[in-house]
Protein chains: 2
Amino acid sequence: MGKRHISLKDLAHELGVSISTVSRALKNHPDISPEMTKKIKALAEERNYTPNPLAMGLLRQQTKMIGVIVPDINTHFYSSIISGIEKVAKEHGYFIVITSSNESMQKEIESVENLLKSRVEGLIVCLSQETNDFTHFEKLIRNEIPLVFFDRVCEELEVPAVLANGQDATKKITQHFFKNGCKRIAYISGPEHLNISQNRKVGYLNGLKECGLEYDQDLLIHCNLSIEDAKLATQKLLRLKNKPDAIFGVNDTIAFAAMIEVKKQGYKIPDDISLAGFTDEFHSIVVDPPLTSVSHPTFQMGEEAAKLFFESIEKETNINKKVMLPIDLVVRESSVKKQ
Amino acid sequence: MGKRHISLKDLAHELGVSISTVSRALKNHPDISPEMTKKIKALAEERNYTPNPLAMGLLRQQTKMIGVIVPDINTHFYSSIISGIEKVAKEHGYFIVITSSNESMQKEIESVENLLKSRVEGLIVCLSQETNDFTHFEKLIRNEIPLVFFDRVCEELEVPAVLANGQDATKKITQHFFKNGCKRIAYISGPEHLNISQNRKVGYLNGLKECGLEYDQDLLIHCNLSIEDAKLATQKLLRLKNKPDAIFGVNDTIAFAAMIEVKKQGYKIPDDISLAGFTDEFHSIVVDPPLTSVSHPTFQMGEEAAKLFFESIEKETNINKKVMLPIDLVVRESSVKKQ
DNA sequence: AAGGTTTTCGCAAAGCTTTGCGGAAATAAA
DNA sequence: TTTATTTCCGCAAAGCTTTGCGAAAACCTT
């Protein structure tokens with residue numbers, strides 16, 4: 001046991017000077033003589049002194065912690081975003097506390113409470129797919145606690161956010177399918193109330209219109225963001241008398257699930273059914289056939305989210321800035337028919 | 001701005017009593033009269049009081065933080081382990097600070113320093129693939145700062161650790177290949193100094209021996225844990241005059257990379273070359289053909305690591321307990337020849 | 001009514017750092 | 001030698017909580 005860290009007091013005691021002298025010397029205060037400063041710095045170096053962040057936090061009323069809430073930590077999408085946040089946080093001398101809502105609103109609410117108890121200075125969050133009530137965030141806003149959303153946001157709330165341009169992406173995918181000869185393009189979307197679902201639906205509809213295709217509501221399915229639900233949704237599509245010749249999923253999980261199901265039922269990809277997803281997993285390469293997908297700039301999304309956060313902190317007021325990031329369509333074999 | 005959190009002082013002031021009275025009332029100290037206690041608790045509830053963790057930390061000399069260092073945060077393997085750690089940490093009222101070494105020893109050293117500066121109470125770490133010097137950990141041990149390793153460990157150091165039984169797993173894989181008619185079983189291993197590489201090599205050799213196969217050193221390649229290096233290693237194996245009829249990789253990244261390369265060169269899996277990996281990614285299912293692999297109990301590894309950590313904390317002494325977790329071989333199509 | 005008990009609460013210190021202010025010593029000036 | 005400056009450093013408070021100890025008030029006893 002013993003003491004693991006030494007304090008200014010220890011240094012002061014060892015040198016026979018006061019604590020304040022040590023403190024000042026360490027930050028080159030002119031009040032302290034050069035020799036004394038030198039002596040103190042030498043000892044501090046030798047003893048490996050670092051200021052106690054708890055004491056500093058108490059004094060400055062700040063913990064240098066950011067709370068991060070993601071729906072799921074075990075996917076490349078979120079862990080990559082987290083990396084981006086972490087990088088910028090580190091540059092500002094902050095560190096992040098990560099919690100997962102597991103796509104549950106209840107857990108999300110608990111996370112907010114727990115993080116606040118831990119005195120994080122603010123929150124960076126991606127909504128759970130269940131979240132349709134926002135009182136737990138409204139409280140934050142009233143108390144002027146910095147809050148930033150990313151990817152999934154609540155558009156009614158005046159909260160800074162970083163978004164990917166899903167509307168543009170779905171439009172591009174739809175057009176891409178059309179150019180490759182697809183006429184019945186299906187779309188497996190996420191829960192209807194999520195902003196990403198809505199935006200992407202708009203892009204999908206716009207894409208259809210521009211291609212002169214008619215919207216068939218049978219080809220648009222909303223489902224929860226789980227493998228099981230996505231498989232069921234795919235089955236539903238494949239049971240249609242007038243089957244789709246292209247399917248794209250609202251995220252990576254759904255795209256992969258659809259691929260499994262399509263293959264299982266013996267359809268050839270892309271010749272029978274073309275496929276595309278929203279993903280930037282490297283696995284889209286190793287999958288067979290390689291999956292056409294729109295790649296999110298995940299790391300950058302994290303960086304931007306953190307930047308917005310620090311703007312909020314510095315301005316000491318709630319800014320309401322939205323950052324929209326472009327998405328690239330990466331065409332691979334799953335959507336290019338050979339015939 | 002204003003004050004975002006209220007303190008005992010605020011409550012005391014509002015009620016016209018002293019801080020200590022409030023503090024005692026909140027923990028049902030018998031010195032405080034029932035009515036006073038009731039009144040104080042009611043106000044605390046209303047004002048939503050929670051103790052300031054900074055002040056508590058300063059008092060108790062503990063931050064309730066655990067530092068976690070992983071080689072890479074963007075893989076399911078590590079994020080799943082982190083989830084396990086986080087769960088147990090939460091149960092103990094701790095939270096975790098995650099940093100990534102990016103497989104670099106230099107970054108690992110910096111991480112240790114930074115986490116210590118942040119006054120984490122201890123560290124849970126998985127060594128970077130580069131790490132061959134351990135002075136930064138020896139210092140921790142000397143200072144009796146709790147330390148737990150997982151997966152990749154330093155066997156010279158007396159540090160509690162949780163391991164997966166890779167030796168057993170590689171033996172099983174080797175035998176499985178043999179039973180399926182493979183005679184020239186290749187193994188792409190990781191950096192030679194890593195304990196996981198060594199253990200798995202032993203299992204590989206034992207497996208060969210039990211099957212009556214001879215060890216051909218051409219079939220054992222050490223390479224860095226990156227896609228690029230793994231592709232090169234695979235190319236090297238495929239250039240052999242006496243080619244392998246089975247390949248397994250030391251982790252998921254390598255297995256997938258090998259699959260890409262094998263396919264690219266036009267070999268049929270599993271008929272020409274069988275494949276297996278170490279992974280528990282759900283993507284091993286969606287890959288074509290589905291990849292035979294040993295599944296790590298990642299979440300459990302995280303839990304066990306955290307448990308060891310808290311044993312160290314409670315015992316206030318460095319225990320040296322190793323926990324060995326079994327690994328399951330999950331046979332899929334990539335290793336079952338049809339002929 | 002006076003002394004003794006019990007009940008109920010406040011003071012102060014400790015944990016660590018920063019910083020305004022005041023004070024002592026040293027130097028310069030008169 | 002005395003006064004005025006300058007140089008160098010320490011006191012103390014603030015930020016928040018816990019807790020040993022002491023003290024005031026209320027009660028009971030005789």
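The chains referred to below are lettered A, B, ... by the order of the sequence lines, with proteins before strands, and numbering in each begins at 1.
Residues from residues 22-46 of chain A lying near DNA chain C, meaning a heavy-atom separation below 4.0 Å, are A:S23, A:R24, A:K27 in numerical order.
At whole-Å resolution of the value, CG in A:L8 and P in D:dC9 are 16 Å apart. For A:L11 and C:dC16, the CG to C1' distance is 12 Å, given to the nearest whole Å. Put simply, CG on B:L59 is 11 Å from P on D:dT17, counting in whole angstrom units. As a whole-Å value, the separation of A:Q61 CD from D:dC16 C1' is 8 Å. A:H5 places its NE2 atom 15 Å from the P atom of C:dG15, with the value rounded to the nearest Å. We find that CG of B:D10 is positioned 10 Å from P of D:dG15, with the value rounded to whole Å. When rounded to the nearest whole Å, the span between NZ of A:K64 and P of C:dT17 equals 16 Å.
Counting heavy-atom neighbours within 6.0 Å of B:H13 NE2, excluding the residue itself, gives a total of 12 or less. The number of heavy atoms from other shown groups lying within 6.0 Å of NZ (A:K322) is above 12.
For D:dT17, the OP1/OP2 oxygens have no side-chain nitrogen or oxygen of B:K9 closer than 4.0 Å. For D:dT19, the OP1/OP2 oxygens have a side-chain nitrogen or oxygen of B:R60 closer than 4.0 Å. Under 4.0 angstrom from either OP1 or OP2 of D:dC9 there lies no side-chain N or O belonging to A:T21. Contact between the side-chain N/O atoms of B:Q62 and the OP1/OP2 oxygens of C:dG15 is not found at any separation under 4.0 Å. The side chain of A:Y49 places no N or O atom within less than 4.0 Å of a non-bridging phosphate oxygen (OP1 or OP2) of C:dC16.
Of the listed nucleotides (C:dT17, C:dG15, D:dG10), C:dT17 has the atom at the smallest distance from the side chain of A:N52. Nearest to the side-chain atoms of B:S7 among the listed nucleotides D:dC9, C:dT19, D:dC16 stands D:dC16. When distances run from any side-chain atom of B:I19 to the nucleotides D:dC16, D:dG10, D:dT17, the shortest one goes to D:dT17.
Side-chain contact of B:S111 with B:N114: a donor-acceptor pair under 3.5 Å is absent, judged by distance alone. Using a 3.5 Å distance cut-off with no hydrogens or angles, the side chains of A:S80 and A:T298 do pair a donor with an acceptor. In summary, the side chains of B:N102 and B:S104 do not present any donor paired with an acceptor at a separation below 3.5 Å, with no hydrogens or angles considered.
Between B:F310 and B:H92, the ring planes lie parallel to each other; the angle is under 30°, not in the 30° to 60° tilted range.
Side-chain contact between A:S312 and A:P160: present, with at least one pair of heavy atoms (C-beta onward) separated by less than 4.5 Å. The closest side-chain heavy-atom distance from A:L8 to A:Y49 is below 4.5 Å.
Remark on the helix from C:dA1-D:dT30 to C:dA30-D:dT1: inter-end axis angle 70°, axes from five-pair C1' superpositions, rounded to 10°.
Closest-nucleotide positions on DNA chain C for B:M56 and B:G16 were compared, and the one nearer the 5' end corresponds to B:G16.
Of all non-hydrogen atoms in B:T37 and B:A25, the two that sit nearest each other are CG2-O, 3.5 Å. The minimum heavy-atom distance between A:I73 and B:S83, with the atom names listed, is CG2-OG, 3.3 Å.
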